[in-house]
Protein chains: 2
Amino acid sequence: MLFQSEIEILNSYLKKKGLKQGKQRLDVVTVFLETEKHITPEELHDIVKKKHPNIGIATVYRTLKLLSDCGLAREVVFDGRIARYEHNYGHDHHDHLVCVKCGVIKEVIDPEIENLQIMLAKKHGFKITNHRMEIYGTCKKCGS
Amino acid sequence: MLFQSEIEILNSYLKKKGLKQGKQRLDVVTVFLETEKHITPEELHDIVKKKHPNIGIATVYRTLKLLSDCGLAREVVFDGRIARYEHNYGHDHHDHLVCVKCGVIKEVIDPEIENLQIMLAKKHGFKITNHRMEIYGTCKKCGS
DNA sequence: TTATCTGCAAAGCCTTTGCACTTAG
DNA sequence: CTAAGTGCAAAGGCTTTGCAGATAA
């Protein structure tokens, strides 16, 4: 079965919290894990509706919340105010390169920048817990 | 008069667009420029209300929009979904160090990181238009 | 059986908009 | 005088919540 380990993580989280495994919830989780990253709750809802026409968007929101709580999803808010989620189990920390024309999002990582961020924080007496970095511009295809 | 140059920028923008200078709007602008950075529309509204008990929050939103359009304010959305604004005329580009305990926000800049961001984008075929970087952690006062 | 899960609709937040009145130019 | 500004309340998006019926353990 696909996503064996992710499902196990979810299940052990559910057990720990005394929660149950609903059928719809599992479908939302599966679609979420199958799908390209950075999806909005509404987009996810639309996809799941193809299999479960009756599924409510509330279930999608509740499931995404659950996935965030157990560490399988991460909320990323790009410019604007709509939340997008990416599944991050098995993915290392990364930052985002966002094309402002076509909307493509590339995940990138630069160890040197990461290191400098730590130094910068330290210089100001901060102890880092996490950070976010997004670079906006035009991708190669969209030119300047 | 304080904020002479900012007011001039605003006025020339208004003239260019054929807009007028309302009294309330000017008060919102003045308070905004006087105030510590990273204020929410609601906080700004509360302060302005002390002088103009009748001012509507709609005017505050409209004024902030106007300030953003003419480049005097910048919207920054930290974790969560409430917009905060900072006035940025005469301020160089900077990033943010946010204390997750006491909420203090420090503006920082690291030329080396800036440079690496450009290189990183270039490596992926992106031409940068802008970027945002926020580092979350605990400040010196709040310890670890 | 019993607490959780779900869909639905209602409620909540923050933000924007329509309207009638006021005011700047 | 005329178009823009303002306050108010209503409307709009996105997200959360309350509730009653369905379902997992």
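Not measured: the values here are computed from a predicted model. Each chain gets a letter, A, B and so on, in the order the sequences are listed, and its residues count up from 1.
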I'd like a table of atom pairs between the protein and nucleotides 21-25 of chain C - only N or O on both sides, under 3.5 Å - with the distance next to each one.
residue	atom	partner	partner atom	Å
dA24(C)	N3	K20(B)	NZ	3.1

Heteroatom pairs (N/O) under 3.5 angstrom, protein to nucleotides 10-12 of chain C:
none

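Every side chain to side chain contact (heavy atoms under 4.5 Å, CB included) that I47(A) has, sequence neighbours left out, goes to V31(A), T35(A), I39(A). Every residue was checked against the salt bridge (Lys or Arg N to Asp or Glu O under 4.0 Å) condition with K123(B), not counting sequence neighbours, and none meets it. Under the salt bridge (Lys or Arg N to Asp or Glu O under 4.0 Å) criterion, R84(A) pairs with E43(A), sequence neighbours left out. For the salt bridge (Lys or Arg N to Asp or Glu O under 4.0 Å) test, no residue two or more places apart in sequence or in another chain qualifies with E112(A). Scanning for side chain to side chain donor-acceptor pair (under 3.5 Å) contacts around E34(A) gives an empty result, with sequence neighbours left out. Residues forming a side chain to side chain donor-acceptor pair (under 3.5 Å) with D95(B) (at least two apart in sequence, or on another chain): none.
Listed by residue number, P41(B) are the residues of residues 41-51 of chain B with a heavy-atom contact under 4.0 Å to DNA chain C. Of all the residues in residues 55-62 of chain B, I55(B), G56(B), A58(B), T59(B), R62(B) reach under 4.0 Å from DNA chain D with at least one non-hydrogen atom.
Within the structure, ring pair (Phe, Tyr, Trp, His ring centres under 6.0 Å) pairs that include any residue of residues 100-134 of chain B comprise H93(B)-H131(B) (at least two apart or interchain). Residue pairs meeting the side-chain hydrogen bond (donor to acceptor under 3.5 Å, both in side chains) criterion with at least one member in residues 54-69 of chain B, sequence neighbours excluded, are K65(B)-D69(B).
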